[in-house]
Structures are given as structure tokens and as C-alpha cells.
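To keep things clear, I will list the structure first and then write my remarks on it.
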There are 2 protein chains.
Amino acid sequence: MNQQQLSIEQATVILKLLADKTRLTIVKLLQEQDCCVCEFVEIFQVSQPSISQHLRKLRDADIVKEDRRGQWIFYSINTENSTFSFIEQVLSQIPSQKEKLIELERSGKRITCC
Amino acid sequence: MNQQQLSIEQATVILKLLADKTRLTIVKLLQEQDCCVCEFVEIFQVSQPSISQHLRKLRDADIVKEDRRGQWIFYSINTENSTFSFIEQVLSQIPSQKEKLIELERSGKRITCC
DNA sequence: TTATCATATAATAATATACTTATATATTCA
DNA sequence: TGAATATATAAGTATATTATTATATGATAA
């Protein structure tokens, strides 16, 4: 059942991207639901450029894709990427982070546009 | 079937360690067979201290353990570590590296002591 | 059209990482 | 015991990473 489709070089690229608490949490959250940049800024309590730069790395690797909805840019997981099943396997082994989305909702900071 | 026993912090520690081509290959090779330091030096064509430092990081995280056999120190995967199944899942998705051991054997550099 | 809001990029600084060479330690064997 | 071999550690250096502040860009709404 192992696909073993990734070279060891490709795997290290993906692992490096996931080996950061902010990015790993971002990707895990995106598995729950699409989110926009300002939501991540709120969740992680870091500067907006910091989040933007993390998202850029994930986007450059085609792990996530962006989708403008009015004022906001929503990010989602690019499930069509050939590395997706590898990422999914990693994510399946870490705890859900959805309490962060629930907390966001409770504090009225969830963006629900369009 | 997901154990989800790791916190996101623990997962990033492990992922950081695996997110390096040399270390990822070392761990994958150790899944095939125990190896000693000088074999890794031969395989990766880097300095002995470089390998020693990679192994130290893996050892400090209890991912591998060491076992002196005469002159040599053999490393093996610590399957008793609670992070082992997480690591196993990652490793299952990258290609076998055992051709490196076969090549080592062919060039007469394989250590088979004790 | 101008102000505001959301996001991206540039520049910079602090810290982490992964090598190298030099050297110390531990084991084996003549 | 002393030389040779295997490994670890120390010190130094180059590069990568991740944050910050300042600023640019792009969309919306008064």
C-alpha cells in the first residue's frame, strides 16, 4: 500500500517545510478548513509578514494554493500535488488543531466571506 | 488506526531531524541493517565528524541507539521509542536505500565484525 | 477618487544548521 | 606498552532559517 513515489530528495524538501511548528499547524488546520492570512496571524500571534512568508514557502512547493475571495486570500491544501499522500500520512499522525478554529470563531475573528 | 500520540511540538522535533538527506538516509538504512560510523562515512563521502554529529542528534532524540562491538560502534534504530511508529510511517514512504549497502559490500567496505 | 483593509515583498538581524580541521578518547593488536 | 584504528568532541566558518519593521500592491467601500 506504500506508494513510495517520492525520491529521498523530494521527501527532505517536504519534511523541511513541515518541520516548523507554524507551518505544520497551518497545513493541519487547512486540512480542516480553508483559512485566510489574517486568521493565521490571529491564531499564531506573529506578524503578518511572518505568516505570509510561511505561506509563500508552502505555495512555492505547491503544498497549498491560494484563492482570492473579495478582500481576502484564502489558502487551501493542493490535493492534486503528487506529494499530497506523503503529507497526508504525516498529518494523520499529529493531533487535530481544530480547537484553534473554534477559539477563533468564539472570539469573533473567523472570516466567513462570500 | 492512527495513534496520534505525538504532540505537534514532538512531531516538529522528529521532522526536523528527518528533514536532512544524510540523516533520513541513515535512518532508512538502519531499518535495513545496523551500521557503524565508518560505513556511513564511506557511503556519504563526508568527514567522519560530520557523520558523528548527525548520529549524535539522532541518538540524543533516542531515535537510534549505539552498541559497541569491538573496535566499532554500531548504530541501530531504537524501536522502543514512542516516536518510532511516526518515524516508521515516514520511512515507509521513501524508497529503499539498500543499494548503498550492496555497493558497500561490493567494494569490500562492509564491516562484519563479531 | 481617496481612505481603508488585506496581503506581499524587501531589507535586515538574530539564531540555527551543517560542514570543516584539529584534537581527545577508547579499543585492539603487535 | 605503544602504534594504529574508530569514534567523539571542540572550535570555527559559511549558509540557511525565521523573525522583525518598513513599504508596496491590490481590492473594497465611503
Side-chain angles (χ1 to χ4, degrees), chain A residues 8-9 12-27 29-30 34-61 63-76 104 108-114, chain B residues 8-9 12-27 29-30 34-61 63-76 104 108-114:
Chain A
I8 208 142
E9 286 82 4
T12 57
V13 169
I14 300 298
L15 291 172
K16 252 187 249 289
L17 288 168
L18 298 182
D20 172 274
K21 192 184 171 188
T22 303
R23 284 193 299 267
L24 185 60
T25 308
I26 284 176
V27 177
L29 284 170
L30 290 180
D34 298 359
C35 295
C36 71
V37 179
C38 61
E39 293 176 318
F40 290 131
V41 171
E42 185 60 32
I43 288 170
F44 295 107
Q45 295 288 306
V46 290
S47 66
Q48 173 269 317
S50 179
I51 294 298
S52 210
Q53 284 157 18
H54 282 304
L55 288 168
R56 188 185 214 292
K57 287 182 185 184
L58 294 172
R59 188 158 37 83
D60 284 352
I63 292 174
V64 303
K65 53 188 183 184
E66 59 173 36
D67 168 30
R68 182 176 277 277
R69 298 186 204 159
Q71 214 169 355
W72 299 283
I73 294 175
F74 275 72
Y75 280 83
S76 57
L104 201 65
K109 304 255 176 68
R110 192 86 171 88
I111 306 290
T112 44
C113 87
C114 315
Chain B
I8 208 143
E9 287 82 4
T12 57
V13 169
I14 301 299
L15 290 172
K16 254 188 247 288
L17 288 167
L18 298 182
D20 172 274
K21 192 185 170 186
T22 303
R23 284 193 299 268
L24 185 60
T25 308
I26 284 175
V27 177
L29 284 171
L30 290 180
D34 297 0
C35 295
C36 71
V37 180
C38 60
E39 292 176 319
F40 290 131
V41 171
E42 184 61 31
I43 288 170
F44 296 106
Q45 295 288 307
V46 289
S47 66
Q48 173 269 316
S50 177
I51 294 297
S52 210
Q53 286 157 16
H54 282 304
L55 288 168
R56 189 186 214 292
K57 288 185 183 183
L58 294 172
R59 187 159 37 83
D60 284 351
I63 293 174
V64 303
K65 52 189 183 184
E66 60 173 37
D67 168 30
R68 182 175 279 278
R69 297 185 204 161
Q71 212 167 355
W72 298 283
I73 294 176
F74 275 74
Y75 280 83
S76 58
L104 200 65
K109 305 252 175 68
R110 192 86 171 90
I111 306 291
T112 43
C113 86
C114 314

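Each chain gets a letter, A, B and so on, in the order the sequences are listed, and its residues count up from 1.
- Here A/Asp20 pairs with nothing under the salt bridge (charged side-chain N to carboxylate O under 4.0 Å, His left out) rule; sequence neighbours left out.
- Atom NZ of A/Lys16 is separated from atom CG of B/Leu15 by 12.0 Å, given to the nearest 0.5 angstrom.
- With respect to A/Glu39 and A/Lys109, no salt bridge is recorded, no charged nitrogen being found less than 4.0 Å from a carboxylate O.
- In this structure, CG of A/Leu55 is placed 11 Å from P of C/dT9, rounded to the nearest angstrom.
- Counting to the nearest Å, the P atom of C/dA6 and the CZ atom of A/Phe40 are 16 Å from each other.
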Filtered N/O pairs between nucleotides 18-23 of chain D and protein, under 3.5 Å:
residue : atom : partner : partner atom : Å
D/dT18  : OP1  : A/Asp20 : OD2          : 3.3
D/dT18  : OP1  : A/Arg23 : NH2          : 3.2
D/dT18  : OP2  : A/Arg23 : NH1          : 3.1
D/dT18  : OP2  : A/Arg23 : NH2          : 3.4
D/dT18  : OP2  : A/Lys57 : NZ           : 2.7
D/dA19  : OP2  : A/Ser50 : OG           : 3.3
D/dA19  : OP2  : A/His54 : NE2          : 2.3
D/dA19  : O5'  : A/Ser50 : OG           : 3.3
D/dT20  : OP2  : A/Ser47 : N            : 3.2
D/dT20  : OP2  : A/Ser47 : OG           : 2.4
D/dT20  : O4   : A/Gln53 : NE2          : 3.1

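- Scored by the side-chain hydrogen bond (donor to acceptor under 3.5 Å, both in side chains) test, B/Glu66 finds B/Arg59, B/Tyr75 as partners (sequence neighbours excluded).
- Between A/Lys109 atom NZ and C/dC5 atom P there is a gap of 15 Å when expressed in whole angstrom units.
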Considering only distance and modelled atom types, tabulate donor-acceptor pairs under 3.5 Å from the side chains of residues 44-52 of chain B, sequence neighbours left out.
residue : atom : partner : partner atom : Å
B/Gln45 : NE2  : B/Glu42 : O            : 2.9
B/Ser47 : OG   : B/Ser50 : N            : 3.4

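- In this structure, A/Leu15 places its CG atom 14 Å from P of D/dT17, rounding to the nearest Å.
- Protein atom NZ of B/Lys21 is 11 Å distant from nucleotide atom P of C/dC19, rounded to whole Å.
- Listed nucleotides D/dT7, D/dT9, C/dA8 differ in distance to B/Arg59; the shortest reach to its side chain belongs to D/dT9.
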Heteroatom pairs (N/O) under 3.5 angstrom, protein to nucleotides 24-29 of chain D:
none

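- Listed by first then second residue, pairs satisfying salt bridge (charged side-chain N to carboxylate O under 4.0 Å, His left out) with a partner in residues 47-56 of chain A read A/Arg56-A/Asp60, not counting sequence neighbours.
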